Amino acid sequence: MPKKLSKQPTSSTTTTETPTLPATLPSILSDGQPLPRAVVFDLDYTLWPFWVDTHVYPPLRPNAAHSACTDKVGETFAFYDDVPSVLHGLALAGVKLGVASRTHAPDLGREMLKLLHVPPLSSVLEGNAGAEGGGSKKDKARKAIEFFDAGLEIYPSSKIRHFEALGKRTGIPYTEMLFFDDESRNKDTESLGVTMWLVRDGVSWNEIVDGIKEWRRRRGV
């Protein structure tokens, strides 16, 4: 994973009939208890360890595997390590995925999500023989942007506005949404009914599990 860059600037409930999931995924995704219908992510210092509007200088050039991009000054950028398996795992569990980012470089953020590819399911999650879709699109590398079926709200604004747009697009109640973000100020989204989980050092499976536990706790599960 590329080095984490400093944050200081420089120039209705998914319960289930759970699908068969790979044994390597956290058990919380298949324990028969409710899951959020949508999980929404911030971008900077949540899915990746940099500010896309501060640290990245276009044009971008992906490596051969599309697992990282290099910018004009030779800096390398990629997701936090667990992100590819998190995207696969939540999608397999039937959870819709979205993005809410107030970056001032929305086009660059979207380009990064297109250039960074998520490796095939078979290479990300071991023991996935029971997963549905063998030999299908899920077994091929995919652009990261393709995972976000709940929508992308990437523009300077409040996160509340982002969630209003996501709610309108998906029809999913805010109480059925779980939001991962690295800034405590964005807990204002909870005024809508969203559960926000504050991540300290990027998205990892531990953060995902803890966030789902908190979402369930608030629902009395």
Side-chain angles (χ1 to χ4, degrees), residues 12-49 79-101 118 121 124-128 130-133 138 144 147-153 159-160 162-163 166-167 169-221:
S12 125
T13 305
T14 307
T15 31
T16 127
E17 297 196 9
T18 319
T20 302
L21 299 179
T24 50
L25 287 174
S27 61
I28 199 167
L29 297 181
S30 56
D31 62 4
Q33 297 299 311
L35 292 172
R37 289 176 59 188
V39 168
V40 180
F41 299 99
D42 177 38
L43 290 177
D44 299 339
Y45 291 97
T46 301
L47 288 185
W48 49 48
F79 289 125
Y80 285 105
D81 290 346
D82 280 1
V83 168
S85 63
V86 164
L87 296 180
H88 272 302
L90 291 174
L92 283 172
V95 177
K96 287 188 174 295
L97 304 176
V99 168
S101 169
V118 175
L121 179 64
V124 172
L125 301 173
E126 296 179 1
N128 66 334
E132 296 178 358
K138 294 178 182 177
F147 280 83
F148 298 104
D149 50 353
L152 301 165
E153 299 299 318
K159 296 293 175 90
I160 288 180
H162 292 153
F163 272 90
L166 289 167
R169 179 182 300 109
T170 63
I172 296 174
Y174 298 125
T175 54
E176 301 293 331
M177 295 183 180
L178 174 58
F179 180 35
F180 291 91
D181 196 294
D182 69 306
E183 294 187 89
S184 59
R185 62 174 171 158
N186 293 321
K187 279 189 174 288
D188 62 359
T189 54
E190 296 195 332
S191 65
L192 297 173
V194 172
T195 296
M196 183 189 140
W197 184 256
L198 185 66
V199 298
R200 299 296 181 179
D201 195 21
V203 162
S204 65
W205 272 119
N206 286 339
E207 297 283 10
I208 296 295
V209 169
D210 288 344
I212 292 173
K213 286 179 179 177
E214 175 61 15
W215 179 84
R216 288 178 176 176
R217 186 191 68 78
R218 296 188 189 190
R219 295 178 58 83
V221 176

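Everything numeric here is computed off the predicted structure, so don't read it as measured data. Below, each value reflects all heavy atoms present in this structure, side chains not excepted, and no hydrogens, waters or symmetry copies.
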Any residue meeting side chain to side chain donor-acceptor pair (under 3.5 Å) with N186, in chain and number order, not counting sequence neighbours: R102, D181
Donor-acceptor contact below 3.5 Å, side chain D149 vs main chain L97: yes
Spacing of F147 atom CZ and K96 atom NZ [to the nearest 0.5 Å]: 14.0 Å
Contacts of D44 that satisfy salt bridge (charged side-chain N to carboxylate O under 4.0 Å, His left out) - sequence neighbours left out: none
From L192 atom CG to F163 atom CZ, the distance as rounded to the nearest 0.5 Å: 8.0 Å
Shortest non-hydrogen contact between G151 and R169, atoms and distance: CA-NH1, 3.7 Å
CG on L125 to CG on L25, rounded to 0.5 Å: 5.0 Å
I212 and L29: CA distance, side-chain angles, deciding distance, side-chain contact (heavy atoms from CB on, under 4.5 Å) verdict: CA-CA 9 Å; I212 292 173; L29 297 181; 4.0 Å; yes
Under 3.5 Å donor-acceptor, W215 side chain and F179 backbone: no
Interatomic distance, F180 atom CZ to F41 atom CZ [nearest 0.5 angstrom]: 6.0 Å
Contacts of type salt bridge (charged side-chain N to carboxylate O under 4.0 Å, His left out), residue E207, not counting sequence neighbours: none
Minimal non-hydrogen separation, L47 against F148, with atom names: CD1-CZ, 3.9 Å
Worked verdict on L43 versus W48 for side-chain contact (heavy atoms from CB on, under 4.5 Å): CA-CA 6 Å; L43 290 177; W48 49 48; 3.8 Å; yes
Y45 vs V199, side-chain contact (heavy atoms from CB on, under 4.5 Å): CA-CA, chis, key distance, verdict: CA-CA 9 Å; Y45 291 97; V199 298; over 6 Å; no
All side chain to side chain donor-acceptor pair (under 3.5 Å) counterparts of S85, not counting sequence neighbours: W205
Distance (rounded to the nearest 0.5 Å) between T170 OG1 and E176 CD: 10.5 Å
Listed partners of D210 passing salt bridge (charged side-chain N to carboxylate O under 4.0 Å, His left out), at least two apart: none
Student check: side-chain heavy atoms of D82 and I208 closer than 4.5 Å: no
P49 vs Y80 side-chain heavy atoms within contact, under 4.5 Å: yes
Considering all heavy atoms, the nearest L87-V118 contact: CD1-CG2, 3.9 Å
Closest non-hydrogen atom pair, I160 against D188: CD1-O, 3.7 Å
Salt bridge (charged side-chain N to carboxylate O under 4.0 Å, His left out) against R218, all qualifying residues, sequence neighbours excluded: E190, E214
Smallest separation among heavy atoms of D31 and R216, with atom names: OD2-NH1, 2.8 Å
Smallest separation among heavy atoms of V209 and P26, with atom names: CG2-CB, 3.8 Å
CA sep, side-chain torsions, deciding dist, call: K159, E183, salt bridge (Lys or Arg N to Asp or Glu O under 4.0 Å): CA-CA 11 Å; K159 296 293 175 90; E183 294 187 89; 5.5 Å; no
Reported CD1-to-CG distance for the pair I172 and L166, which is rounded to 0.5 angstrom: 9.0 Å
